Amino acid sequence: GAVVSQHPSWVICKSGTSVKIECRSLDFQATTMFWYRQFPKQSLMLMATSNEGSKATYEQGVEKDKFLINHASLTLSTLTVTSAHPEDSSFYICSASRQRTYQETQYFGPGTRLLVL
Amino acid sequence: GNSVTQMEGPVTLSEEAFLTINCTYTATGYPSLFWYVQYPGEGLQLLLKATKADDKGSNKGFEATYRKETTSFHLEKGSVQVSDSAVYFCALSDRGNAGKSTFGDGTTLTVKP
């Protein structure tokens with residue numbers, strides 16, 4: 001159990017276009033979802049925390065107008081990279097938790113690799 | 001703020017060797033501690049966790065003990081396999097942060113036959 005999927009797994013787009021990435025919890029309801037960005041050979045950088053039915057909480061330095069997050073249901077969160085530029089190219093990973101508690105395990109999606117040309 | 005410091009990699013071992021990856025943390029509260037593993041081309045998956053002092057998490061032959069006195073959560077395995085080659089992340093989740101986790105930089109392990 002506790003499977004999280006991401007779609008697409010790979011996306012290549014032109015500079016200036018917008019890209020939407022979906023994160024779904026397949027067999028459980030996710031009260032909280034997290035969005036991370038991972039650079040090559042580096043750790044995960046938390047971008048934002050998303051709770052169903054409320055606005056996402058962005059980490060310091062993350063542009064909320066550039067990275068739009070929507071958590072429309074207990075099984076789906078989306079990240080939209082608006083007006084993407086080459087510097088947005090990265091590996092984006094989502095995770096989901098059943099509860100908003102510190103003891104709760106995060107279940108990670110397989111990641112989405114974005115390349116902006 | 002919270003932070004996690006992991007042993008720098010990469011680590012290269014021969015099959016059946018003993019593995020230790022050190023992890024120490026600083027936290028404002030009483031955190032839960034996690035080890036996640038990322039296999040090549042994949043997302044992270046939970047390897048083991050511990051939620052209170054002296055708890056030992058274990059899975060697939062890996063173990064880590066929550067040491068509050070030394071603020072450590074070192075990962076160990078007695079005999080590694082080639083299939084254990086991956087990036088290992090130590091992480092903590094603090095009571096005050098509603099489930100947000102702080103990750104270490106990751107340690108790349110390569111096991112050679």
Side-chain angles (χ1 to χ4, degrees), chain A residues 1-10 21 23-26 28 30-52 54 56-60 62 71 91-113, chain B residues 1-11 21 23 25 27-53 55 57 59 66 86-110:
Chain A
V3 178
V4 175
S5 69
Q6 276 184 248
H7 179 78
S9 55
W10 252 106
I21 302 170
C23 177
R24 292 181 185 273
S25 55
L26 299 184
F28 67 101
T31 305
T32 305
M33 288 184 168
F34 303 92
W35 285 96
Y36 296 88
R37 188 169 174 179
Q38 185 179 33
F39 294 97
K41 299 189 186 301
Q42 292 190 24
S43 189
L44 285 75
M45 181 192 81
L46 179 65
M47 299 174 66
T49 303
S50 160
N51 294 296
E52 186 265 338
S54 61
T57 302
Y58 290 81
E59 295 299 303
Q60 196 169 11
V62 177
H71 194 156
F91 192 50
Y92 292 88
I93 303 175
C94 74
S95 71
S97 295
R98 289 188 177 93
Q99 301 177 49
R100 289 179 63 185
T101 70
Y102 71 109
Q103 295 178 333
E104 186 64 23
T105 300
Q106 290 186 36
Y107 298 97
F108 287 84
T112 296
R113 196 163 296 282
Chain B
N2 297 336
S3 69
V4 176
T5 302
Q6 273 182 249
M7 178 171 125
E8 280 190 31
V11 174
I21 300 178
C23 171
Y25 67 89
T28 53
Y30 191 160
S32 292
L33 302 174
F34 304 81
W35 276 101
Y36 290 91
V37 58
Q38 185 177 30
Y39 296 103
E42 299 183 12
L44 278 72
Q45 55 186 277
L46 177 70
L47 181 60
L48 52 85
K49 74 177 187 181
T51 58
K52 60 182 188 295
D55 267 2
N59 185 26
Y66 190 144
V87 182
Y88 292 82
F89 292 93
C90 184
L92 71 82
S93 181
D94 199 353
R95 185 189 297 269
N97 277 342
K100 283 199 303 187
S101 290
T102 301
F103 287 83
D105 288 341
T107 301
T108 301
L109 169 66
T110 302

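Sequence lines set the chain letters: A, B, ... in the order given, protein chains first and strands last, and positions in each chain run from 1. These numbers were taken from a predicted model, which means no experiment stands behind them.
- Using a 4.5 Å cut-off between heavy atoms, Phe103(B) touches chain A through backbone and side chain atoms alike.
- For Ser43(A) (side chain) and Gly104(B) (main-chain N/O), a donor-acceptor pair under 3.5 Å exists by modelled atom type.
- Neither the backbone nor the side chain of Gln6(B) comes within less than 4.5 Å of any heavy atom of chain A.
- Contact of Gln6(A) with chain B is not made at all, since no heavy-atom distance falls under 4.5 Å.
- Glu59(A) CD: more than 12 foreign heavy atoms inside a 6.0 Å radius.
- Heavy atoms of Leu46(B) lying under 4.5 Å from chain A belong exclusively to its side chain.
- Note that the CD1 atom of Ile21(A) and the OG atom of Ser9(A) stand 10.5 Å from one another [nearest 0.5 Å].
- Under a 3.5 Å cut-off, the side chain of Asn2(B) and the backbone N or O of Thr28(B) do form a donor-acceptor pair.
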